[in-house]
Amino acid sequence: MIPKKVDRLLLQPIDSSFFDMPTLELARSLLGKLLVKETRAGITAGWIVETEGYIGPADRAAHSYGNRRTARTDVMFGPPGYVYTYVMHTHCLINVVSGPVNHPEVVLIRALEPFCGIELMYARRGTDKRKEELTNGPGKLTKALGIEKADYGRPLFARPLFVAEGKEIESVSVGRRIGIENSGEARDYPWRFWVSGNRFVSKTRRQGE
DNA sequence: TTGATGATGGCCT
DNA sequence: GGCCATCATCAAG
């Protein structure tokens, strides 16, 4: 039963130690957790239903491939549990930094199931379509939650942008990652995870389900 | 400075 | 399925 009003105190940031696990394990563990963003406009949150692991330096699809350290990838080389945002075309994508210091690995959050602040999500997305359209893609969910490139480097275990406990997942599906066709052998790595049968998983290519 | 390149999304046929 | 808007990023010149 979803409460009509979500008490801010109901949503507590997870402990920073949560992020201290291998990247693919974290990608699975994030499924069912809540991603929360608090702004002056209000609170928006959704259950994470789709993730992908990017494991530099050996992963050709990762921005940190070959240990490439630039202004953009810098946060990946720090401790886990911090935000890696970057702009793809006109859209902002959010990743969770994982792995120990100097291991530039991340988990990309690709889709959410809206939990609260749904009216605000509709307003930010500028659409009146079905609820699935709000957050069923990495660029869509950031817009719905008001996540921006400026969130780069923020901890995900403290307000205003954080992970919180959610609900148990019955079954996880595994498959190839999306949109990395030019990444050689890495394009076939089964490093995409999603909640089996969930309606909010991004539509592009559902193989393996 | 400049040009090439996308971990996308929305609209079109 | 195809097309492409639009811009941060990065490496080369």
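Both backbone and side-chain heavy atoms feed into the values below; hydrogens, waters and symmetry mates do not. Each chain gets a letter, A, B and so on, in the order the sequences are listed, and its residues count up from 1.
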Atom CZ of A:R110 and atom C1' of B:dG9 are separated, to the nearest Å, by 11 Å
Each base of DNA chain C marked ( ) or [ ] if paired in-strand (Watson-Crick or G-U under 3.5 Å), | if paired to another strand and . if unpaired gives |||||.||||||.
With sequence neighbours left out, the residues meeting side-chain contact (heavy atoms from CB on, under 4.5 Å) with A:A164 are A:L34, A:V36, A:F162
Is the shortest side-chain N/O distance from A:K129 to OP1 or OP2 of B:dC11 below 4.0 Å?
yes
inquiry  = Is it the case that over 12 heavy atoms from other parts of the model lie below 6.0 angstrom from the NZ atom of A:K33?
reply    = yes
A:I109 CD1 to B:dT8 P, in whole Å, measures 15 Å
Across all chains, not counting sequence neighbours, the side-chain contact (heavy atoms from CB on, under 4.5 Å) partners of A:M88 are A:Y86, A:L93
A:H91 NE2 to B:dA7 P, in whole Å, measures 13 Å
Side chain to side chain donor-acceptor pair (under 3.5 Å) filter on A:E148, not counting sequence neighbours, yields none
Residue set satisfying salt bridge (Lys or Arg N to Asp or Glu O under 4.0 Å) with A:E168, at least two apart, ordered chain then number -> none
DNA chain C: first to last nucleotide in contact with chain A (atom under 4.0 angstrom from a heavy atom), 5' to 3', is C:dA5 to C:dA11
Does any part of the side chain of A:W47, heavy atoms only, come nearer than 4.5 Å to the side chain of A:L31, both counted from C-beta? no
The side chain to side chain contact (heavy atoms under 4.5 Å, CB included) partner of A:L112 among A:V201, A:T142, A:V49, A:L145 is A:L145
Within residues 135-152 of chain A, the residues having a heavy atom closer than 4.0 Å to DNA chain C are A:K149
Across all chains, not counting sequence neighbours, the side-chain contact (heavy atoms from CB on, under 4.5 Å) partners of A:S64 are A:A62, A:M76, A:P104
Rounded to whole Å, CD of A:E133 lies from C1' of B:dG9 at a distance of 10 Å
Short N-O contact, A:D59 and A:R187, less than 4.0 angstrom
no
Residues passing the side-chain contact (heavy atoms from CB on, under 4.5 Å) test with A:H103, sequence neighbours excluded, are A:P100, A:E105
For A:R60, which contact category applies under a 4.0 Å heavy-atom criterion: base, sugar-phosphate, or nothing?
nothing
Aromatic ring proximity, centroids under 6.0 angstrom, A:Y84 and A:Y54: no
(message) Can you see if the side chain of A:R176 gets near the phosphate of B:dA7 - specifically, an N or O under 4.0 Å from OP1 or OP2?
(response) no
Q) Considering residues, nucleotides and ligands other than A:E185, do more than 12 of their heavy atoms fall under 6.0 Å from its CD? A) yes
A:I180 atom CD1 is separated from B:dT5 atom P, nearest whole Å, by 18 Å
Within residues 52-59 of chain A, the residues having a heavy atom closer than 4.0 Å to DNA chain C are none
Taken in chain and number order and not counting sequence neighbours, the residues that satisfy salt bridge (Lys or Arg N to Asp or Glu O under 4.0 Å) with A:D20 are none
| message | Just by distance, no angles: are the side chains of A:E133 and A:T127 close enough, under 3.5 Å, to form a donor-acceptor pair? | response | no
Does the ring of A:H89 meet both stacking tests against the six-membered base ring of B:dG6: centre distance under 5.5 Å and plane angle under 30°?
yes
Query raised in the report: Distance-only, no hydrogens or angles: does the A:T23 side chain make a donor-acceptor pair with backbone N or O of A:V106 under 3.5 Å?
Result: no
*Is a donor on one side and an acceptor on the other found under 3.5 Å between the side chain of A:R177 and the backbone of A:R192?*
no
Within residues 68-88 of chain A, the residues having a heavy atom closer than 4.0 Å to DNA chain B are A:Y86, A:M88
